Every structure is written in C-alpha cells, then in structure tokens.
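Report on one structure; see the data block that follows.
Numbered from 1 within each chain, the chains take letters A, B, ... in sequence-line order. Model, not experiment: these values are computed from the prediction.
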Number of protein chains: 2
Amino acid sequence: MDTSTTSPINKEKIQSISKEFKVISDPTRLSILFLLQKEELSVGNIVLALDMEQSAISHQLKILNDSRLVKARREGKSMVYSLDDLHVFSILEQVLTHIKEQEQ
Amino acid sequence: MDTSTTSPINKEKIQSISKEFKVISDPTRLSILFLLQKEELSVGNIVLALDMEQSAISHQLKILNDSRLVKARREGKSMVYSLDDLHVFSILEQVLTHIKEQEQ
DNA sequence: TTTACATATGAATAACAAATCATATGTTTA
DNA sequence: TAAACATATGATTTGTTATTCATATGTAAA
C-alpha cells in the first residue's frame with residue numbers, strides 16, 4: 001500500500017500546482033502582473049516602473065512568458081508585454097476547483 | 001514621481017500577497033493541505049502518508065499553523081492537525097478579488 | 001519516577017531561486 | 001554598414017527556504 005494510490009491527489013499533480021503557485025508568488029513577478037493589469041508595457045517601461053535592473057526584469061518576464069501568464073510582441077526596437085488574462089484566471093480557478101472537489 | 005503613488009498596488013500589499021502564496025506553493029505544505037482536506041490527522045500519520053522525516057513535517061506544520069491554514073489540538077501524546085478551511089479560501093478569494101478589481 | 005512515545009525546535013547543511021554581471025542578439029537610424 | 005538602442009541570455013554571486021541532525025519538551029504508561 002503506497003501513498004500514490006491512497007493519497008487523494010498524486011505527486012505529479014501536487015508538483016504542477018506547486019509550480020504554478022510559485023510563478024505567481026514572487027514579488028517581482030506579481031508586481032509585473034499587476035502593472036500589466038492596467039496596460040500593456042514595454043520592458044523598458046516595466047524597468048522604470050519597478051526601478052529594477054533590466055536584466056532582472058527580462059529574466060522574470062521569461063518565466064511569466066514560459067508559463068503563459070503574459071504574452072509579448074515586438075514593436076520596433078521594443079518588446080511589449082501584456083497579460084494573458086485567461087491563463088492567470090485559469091490557474092487560480094483550477095486550484096479553487098481542486099479544493100472544492102475534495103470538500104464533500 | 002515615485003512608483004508607490006503611481007502603481008495601482010503598493011509594495012506592502014504585493015509583499016503580503018506574495019507571502020500568502022508562498023505558503024501554499026511548497027509541495028510539502030500543499031500535500032499536507034490536501035491530506036487534511038479529507039480528514040484530520042496526527043503528525044505521525046502525516047509523516048507516514050508522505051513518507052518524510054518527522055522533523056521536516058513538524059517544521060512545515062508550524063508554517064501552516066502560523067499562517068492559520070491549519071489548526072492543532074492535543075490528543076493524548078499526539079497532536080492532531082486539521083484544516084482551517086475558511087482561511088485557505090479567504091487567501092485565494094482575496095487574490096481573485098484583487099485581480100478582478102483591477103480589471104475594468 | 002523512570003522509560004517509552006510523540007512532537008517541537010534550534011542550528012547546520014543542502015537545495016533552489018533571484019539578482020547581477022558581462023555580453024550576445026535583434027532592430028532601427030545615421 | 002556602423003553605431004545606438006532595446007531586450008535576452010548564460011554564468012556567477014547572493015539570498016532564501018527546506019531538510020536534516022541533534023536534542024529538548026511534553027504526555028502517558030510501566
């Protein structure tokens with residue numbers, strides 16, 4: 001009798017939920033998400049708004065982009081980032097659903 | 001013109017949301033929460049279910065307890081932990097609310 | 001009232017993630 | 001097509017967090 005069969009939720013699922021939460025639990029990434037809630041922004045403008053190194057912002061944007069929380073398009077020399085709203089919500093709702101399912 | 005006045009959400013708020021998310025984004029803590037969704041459990045039983053060191057579990061339970069996601073009561077030699085459901089939900093709903101507020 | 005049992009806790013270590021540094025890539029303009 | 005500009009990226013450093021180790025605390029039973 002191992003835990004993988006008896007536990008209500010398996011390790012892979014826990015890992016994936018964990019990963020999704022981690023993406024949205026870093027202060028820098030959260031700040032970016034909240035900034036983009038208002039309007040789309042170039043990397044340079046995000047750097048200005050958060051007063052951080054361009055490299056740090058780019059690294060975090062990559063993580064957000066990889067998890068499809070934001071999307072990017074080129075505009076001349078700049079890259080303009082915007083929210084991929086649907087996915088932000090789906091992550092949260094997915095977790096709420098999980099919890100609610102376990103309830104009864 | 002500083003970001004604290006112009007940004008839609010201030011640094012302290014970001015920090016507190018970040019902290020709350022971090023608590024529920026660790027795989028071990030998530031596993032404990034999902035286990036307790038089903039039934040209340042002693043530390044020993046959580047240790048068995050997750051097949052981890054007792055000390056590691058206790059440390060994580062402390063973090064969950066400090067953020068009031070779980071509560072504990074003594075039962076003989078054991079400590080029995082259970083979910084503090086309301087607070088789990090309030091954290092998630094708080095964030096959803098934040099995001100929705102920013103939307104329009 | 002000593003021993004065993006269950007959990008908690010402080011300190012040290014290990015694992016991981018973020019920021020920095022240096023530089024590369026891609027785009028526009030002179 | 002060289003220079004300037006905007007962003008991305010690999011490697012290193014720094015910071016943070018989880019786990020382990022050793023042991024303390026609290027409870028119950030012999």
* Select from A:Q54 and A:R74 the residue whose nearest nucleotide in DNA chain C is closer to the 5' end of that strand. => A:Q54
* Test side-chain hydrogen bond (donor to acceptor under 3.5 Å, both in side chains) applied to A:N45 - qualifying residues, sequence neighbours left out -> A:S42
Close N or O pairs between protein and nucleotides 15-19 of chain C (under 3.5 Å):
{"unit_1": "C:dA18", "atom_1": "OP1", "unit_2": "A:R29", "atom_2": "NH1", "d": "2.9"}
{"unit_1": "C:dA18", "atom_1": "OP1", "unit_2": "A:R29", "atom_2": "NH2", "d": "2.8"}
{"unit_1": "C:dA19", "atom_1": "OP1", "unit_2": "A:T28", "atom_2": "OG1", "d": "3.0"}
{"unit_1": "C:dA19", "atom_1": "OP2", "unit_2": "A:Q60", "atom_2": "OE1", "d": "3.2"}

* B:S55: what forms a side-chain contact (heavy atoms from CB on, under 4.5 Å) with it, not counting sequence neighbours? -> B:H59
Filtered N/O pairs between nucleotides 1-3 of chain C and protein, under 3.5 Å:
none

* Separation between CD1 of B:I46 and OH of B:Y81, rounded to the nearest 0.5 Å -> 8.0 Å
* Which part of the nucleic acid, if any, lies within reach of A:S78 when heavy atoms closer than 4.0 Å are counted: base, sugar-phosphate only, or nothing? -> sugar-phosphate
* To do: Please evaluate the base of C:dT9 for a donor-acceptor partner in the side chain of B:S58 within a cut-off of under 3.5 Å?
  => no
* Structure fact -> For A:K62, the salt bridge (Lys or Arg N to Asp or Glu O under 4.0 Å) test, sequence neighbours excluded, returns A:D66
* Structure fact -> 5'-most to 3'-most nt of DNA chain D touching chain A (<4.0 Å, heavy-atom partner on protein side) reads D:dC5 to D:dA11
* To do: Under the side-chain hydrogen bond (donor to acceptor under 3.5 Å, both in side chains) rule, collect the residues that match up with A:S58, sequence neighbours excluded.
  => A:Q54
* Is it possible for you to say whether A:V47 and A:M79 belong to one hydrophobic cluster, with membership spreading through side-chain heavy-atom contacts below 4.5 Å? => yes
* Residues in salt bridge (Lys or Arg N to Asp or Glu O under 4.0 Å) contact with A:E75, at least two apart in sequence or another chain -> A:R73
* To do: Examine distances only and state if a side-chain atom of B:R29 and a backbone atom of B:S31 form a donor-acceptor pair shorter than 3.5 Å.
  => no
* Structure fact -> Hits for side-chain hydrogen bond (donor to acceptor under 3.5 Å, both in side chains) against B:S25, two or more places apart or cross-chain, chain-then-number order -> none
* Structure fact -> Taken in chain and number order and not counting sequence neighbours, the residues that satisfy side-chain hydrogen bond (donor to acceptor under 3.5 Å, both in side chains) with A:S18 are none
